[in-house]
Engineer: 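This is the structure I have questions about; it appears just below.
Every chain is numbered from 1 and lettered A, B, ... according to where its sequence line falls, protein lines coming before strand lines. The structure presented is a predicted model; accordingly, all values stated were derived computationally and were not measured.
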Amino acid sequence: MLDAKFVREHFGVVEESLKNRGYDLSLDEFLASEEQRRTLLREAEELRNRRNVVSEEIARQKTQKKDVAHMIDEMKRVSDRIKEYDTQLKALEERTCEFLLNVPNIPHHSVPIGRDETENVEVRRWGEPRQFDFEPLNHWDIGAILDILDFERASRIAGARFCLMKGAGARLERALMNFMLDLNTAKGYREVFPPIIVNRESMKGTGQLPKFEMELFRTCNPEYYLIPTAEVPVTNIHRQEILQEKDLPLYYTAYTPCFRREAGSYGKDVRGLIRQHQFNKVELVKFVKPEDSYDELESLTRDAEDILQRLDLPYRVVALCTGDLGFAAAKTYDLEVWLPGQQRYREISSCSNFADFQARRADIRFKREGKKGTEFVHTLNGSALAIGRTVAAILENYQQRDGCVIVPEVLRPYMGVEVIR
RNA sequence: GGAGAGGUGGCCGAGUCGGUCGAAGGCAGCCGCCUGCUAAGCGGUUGUGGGGGUAAAACCUCACCCAGGGUUCGAAUCCCUGCCUCUCCGCCA
């Protein structure tokens, strides 16, 4: 969420950023109702002041047994007027809040301007896509041949966009989770295992709600939401807290299952592990001081890249342009891994700096040593990595002519075997 | 699921029959004094958010005693609802 005062005072900046993101949203109505709100607020506060002053007077005179009926009479009228003001103010506040909740973050000035994903900018590449002396298969074919990925039975158990992993497939999934968590914690990220269904407030805090209700699974009675990413519960660890400067930065890593409706993605990636309703992911989350957040984004991205490098999977880093940037993000790098079966790079991690956008929504602040007042922290997160997609990448990149799959060296201690056959 | 208790400032803790309570007292922190010895004593000070104001402060004002409603001229104090915590019983991975 943006700061109402900031929007008031810098609406030019906000309009520009909305335009760059491809949003068609006018600020006029917001500015007008804000103006009205502030006027009403001042008048209401004057009345309250009057009421406070006279109420004290009433108390004083009453102890002296004086007649206060006329004052009480006046205050009755004042209180009625305050109530009227409050009703109006509440309506206005709801309107401005509602509006602000639907305004996306302002992109950082280093974010390339562009309409959609075709205008994202490649920042760097790592690794050489392997040259095959045979036609490389898709991971779902490899999975079927090895009998480690079973989409048919999964659809019987649950439905489309689910996968039953079996034998070495299940073991590979688990190996990757452990490998990634071990690596991340060794770098100083604190491992947490959070609730994976959360309340509405948490979803609001990170920006999934109210705008993206359609993309979430929800429970009824009582109402909870299944998390689409560990970002939600982990960022909300510090919701409504005031942290101390000396406690920052805070680094967390978490493995969780993730659940996504994938509404509106009909026909996309219908086969394989790329787009599932349920998938596993290891996430990195940072809480940092504002002045550090863009450096922290670079190091967070490097930490995610490190996993791909250790797995020896070719990838590239892409800076998302304004038109492709997520709602809450100020800047995002996507890591795209090479999939030989599809002959293209596919997203496997998304690393973002949200600046103070989530912190303001979730009310996560910090106090500087020796300074008055508080400031919002900056939050960041990134996948390190999406497990299912990593499985797909390993199967496709490490496949052999005879159908078996070599296990990447760093995973062998976790897998117990060198080859999946 | 059943029966009770409770949620007050960084922490502990008071708040009487609703009125001068942003809230006693203690601890902790900060500033100063005193003392010369490893610490005590004395004085002062210490929250957050909004609006106004200022070059910036100062300053003025409103709100905040879990959250949201209600009663009242006036609520931390009374009523209702919700959330959370604790104790006991039951059930259970």
Engineer: Does the base of B:G50 carry an N or O that pairs as donor and acceptor with the side chain of A:Glu45 under 3.5 Å?
Structural biologist: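 For A:Glu45, whose side chain was compared with the base of B:G50, there is a donor-acceptor pair (under 3.5 Å).
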Engineer: P atom, B:G6 versus B:C79: distance in rounded Å?
Structural biologist: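 Approximately 12 Å lies between the P atom of B:G6 and that of B:C79.
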Engineer: Please give, in whole Å, the distance from B:C73 P to A:Gln61 CD?
Structural biologist: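 So the two atoms are 17 Å apart, to the nearest Å.
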Engineer: Hydrogens and angles aside, do A:Glu191 and A:Tyr255 bring a side-chain donor and acceptor to less than 3.5 Å of each other?
Structural biologist: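 Per modelled atom types, A:Glu191 and A:Tyr255 side chains form no pair under 3.5 Å.
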Engineer: Please state the P separation for the pair B:U48 and B:G53 - nearest whole angstrom.
Structural biologist: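 Result for the P pair: 23 Å, nearest Å.
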Engineer: Among side-chain atoms of A:Ser299 and A:Lys286, is any donor-acceptor pair under 3.5 angstrom?
Structural biologist: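 Indeed, the side chains of A:Ser299 and A:Lys286 share at least one donor-acceptor pair under 3.5 Å.
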Engineer: Please determine if a side-chain N or O atom of A:Arg51 lies less than 4.0 Å away from the OP1 or OP2 oxygen of B:C62.
Structural biologist: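 A:Arg51 to B:C62 OP1/OP2: no side-chain N or O under 4.0 Å.
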Engineer: Between B:C73 and A:Lys83, is there an OP1 or OP2 to side-chain N/O distance shorter than 4.0 Å?
Structural biologist: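 No, outside the criterion.
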Engineer: What is the separation between atom CD on A:Glu201 and atom C1' on B:C83, rounded to the nearest whole Å?
Structural biologist: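 After rounding, the reported distance stands at 12 Å.
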Engineer: With rounding to whole Å, what would you report as the distance between B:C65 and B:C12 at their C1' atoms?
Structural biologist: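 Rounded to whole Å, the distance is 16 Å.
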Engineer: Just name whichever nucleotide pairs with B:A24, Watson-Crick or G-U, keeping both distances under 3.5 Å, else none.
Structural biologist: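 Base partner found: none.
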Engineer: When the distance from CD of A:Gln244 to C1' of B:A28 is rounded to whole Å, what number comes out?
Structural biologist: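 Going from A:Gln244 (CD) to B:A28 (C1'), I get 13 Å.
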Engineer: NA contact type, A:Arg60, heavy-atom cut-off 4.0 Å: base, sugar-phosphate, or nothing?
Structural biologist: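 A:Arg60: no heavy atom of the nucleic acid under 4.0 Å.
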Engineer: Suppose we call two aromatic rings close when their centres sit under 6.0 Å apart. Are A:His277 and A:Phe217 close by that rule?
Structural biologist: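 Under 6.0 Å, so yes.
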Engineer: Is there a Watson-Crick or G-U wobble partner for B:A76 with both distances under 3.5 Å, and which nucleotide is it?
Structural biologist: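 No nucleotide pairs with B:A76.
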Engineer: Under a 3.5 Å cutoff, is there a donor and acceptor pairing between the side chains of A:Glu231 and A:Thr206?
Structural biologist: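 Not at all, the side chains of A:Glu231 and A:Thr206 share no donor-acceptor pair under 3.5 Å.
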Engineer: Take atom CZ of A:Phe366 and atom C1' of B:G10, then tell me their distance rounded to the nearest Å.
Structural biologist: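 Answer to the nearest Å: 18 Å.
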Engineer: Atom CG of A:Asn199 and atom P of B:C83: how far apart are they, to the nearest Å?
Structural biologist: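 So the CG-P distance, A:Asn199 to B:C83, works out to 12 Å.
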Engineer: Whole-Å distance between B:G74 C1' and A:Arg77 CZ?
Structural biologist: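 Rounded to the whole Å, the gap is 16 Å.
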Engineer: Are A:Lys5 and B:G51 close enough that a side-chain N or O sits under 4.0 Å from OP1 or OP2?
Structural biologist: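 Checking A:Lys5 against B:G51: at least one side-chain N or O falls below 4.0 Å of OP1 or OP2.
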Engineer: Respond yes when some side-chain nitrogen or oxygen of A:Ser79 is under 4.0 Å from OP1 or OP2 of B:U72, and no when none is.
Structural biologist: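 Indeed not, no polar side-chain atom of A:Ser79 lies that close.
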Engineer: Please state whether the phosphate of B:U61, meaning OP1 or OP2, lies under 4.0 angstrom from any side-chain nitrogen or oxygen of A:Asn49.
Structural biologist: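 No, because none of the side-chain N or O atoms of A:Asn49 sits under 4.0 Å from OP1 or OP2 of B:U61.
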Engineer: Which nucleotide, if any, forms a Watson-Crick or G-U wobble pair with B:C84, using both distances under 3.5 Å?
Structural biologist: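 For B:C84, the partner nucleotide comes out as B:G6, under the 3.5 Å rule.
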Engineer: Counting any heavy atom closer than 4.0 Å, what does A:Asn52 reach on the DNA or RNA strands: base, sugar-phosphate only, or nothing?
Structural biologist: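 Sugar-phosphate contact only.
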Engineer: Is A:Arg365 near enough to B:U48 that one of its side-chain N or O atoms lies under 4.0 angstrom from OP1 or OP2?
Structural biologist: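 The answer is no; no side-chain N or O of A:Arg365 sits under 4.0 Å from OP1 or OP2.
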Engineer: Going by atom types only, do A:Glu283 and A:Tyr252 share a side-chain donor-acceptor pair under 3.5 Å?
Structural biologist: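 Short answer, no.
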Engineer: Whether the A:Tyr85 and A:Glu46 side chains hold a donor-acceptor pair (N or O, under 3.5 Å, no angle test) is what I'd like checked.
Structural biologist: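 Side-chain D/A pair, A:Tyr85 to A:Glu46: absent.
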Engineer: Output the rounded distance in Å from CG (A:Asp363) to C1' (B:U48).
Structural biologist: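 Distance check: A:Asp363 CG to B:U48 C1' gives 10 Å.
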Engineer: Partner of B:C59 by Watson-Crick or G-U wobble geometry, both contacts under 3.5 Å, or none?
Structural biologist: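 With both distances under 3.5 Å, B:C59 matches B:G52.
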Engineer: How is A:Arg8 classified with respect to the nucleic acid when contacts are heavy atoms under 4.0 Å: base, sugar-phosphate, or nothing?
Structural biologist: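 Contact class for A:Arg8: sugar-phosphate only.
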Engineer: Please tell me which of A:Lys76 and A:Asp3 maps to the more 5' nucleotide of RNA chain B, matching each residue to the nucleotide holding its nearest heavy atom.
Structural biologist: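 Per heavy-atom nearest nucleotide, the more 5' residue is A:Asp3.
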Engineer: Hey, what do you get for CD1 (A:Ile227) to OG1 (A:Thr256), rounding to the nearest 0.5 Å?
Structural biologist: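 Between A:Ile227 CD1 and A:Thr256 OG1, I get 3.5 Å after rounding to 0.5 Å.
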Engineer: Does A:Lys367 place a side-chain N or O at less than 4.0 Å from the phosphate oxygens OP1/OP2 of B:G47?
Structural biologist: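 Answer no for this pair, as no side-chain N or O of A:Lys367 is under 4.0 Å from OP1 or OP2.
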Engineer: If only side-chain N and O atoms of A:Arg42 are considered, is one of them under 4.0 Å from the OP1 or OP2 phosphate oxygen of B:C60?
Structural biologist: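 Looking at the OP1 and OP2 atoms of B:C60, neither is under 4.0 Å from any side-chain N or O of A:Arg42.
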Engineer: Grab the CD-P distance between A:Gln240 and B:C83 for me, whole Å please.
Structural biologist: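 Going from CD in A:Gln240 over to P in B:C83 covers 17 Å.
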Engineer: Is A:Leu41 touching bases, backbone alone, or none of the nucleic acid, heavy atoms closer than 4.0 Å?
Structural biologist: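 Sugar-phosphate contact only - A:Leu41 comes under 4.0 Å of backbone atoms but never of a base.
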Engineer: Using the C1' atom in both, what is the distance from B:U77 to B:G22, to the nearest Å?
Structural biologist: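 My reading of the C1' atoms in B:U77 and B:G22 gives 15 Å.
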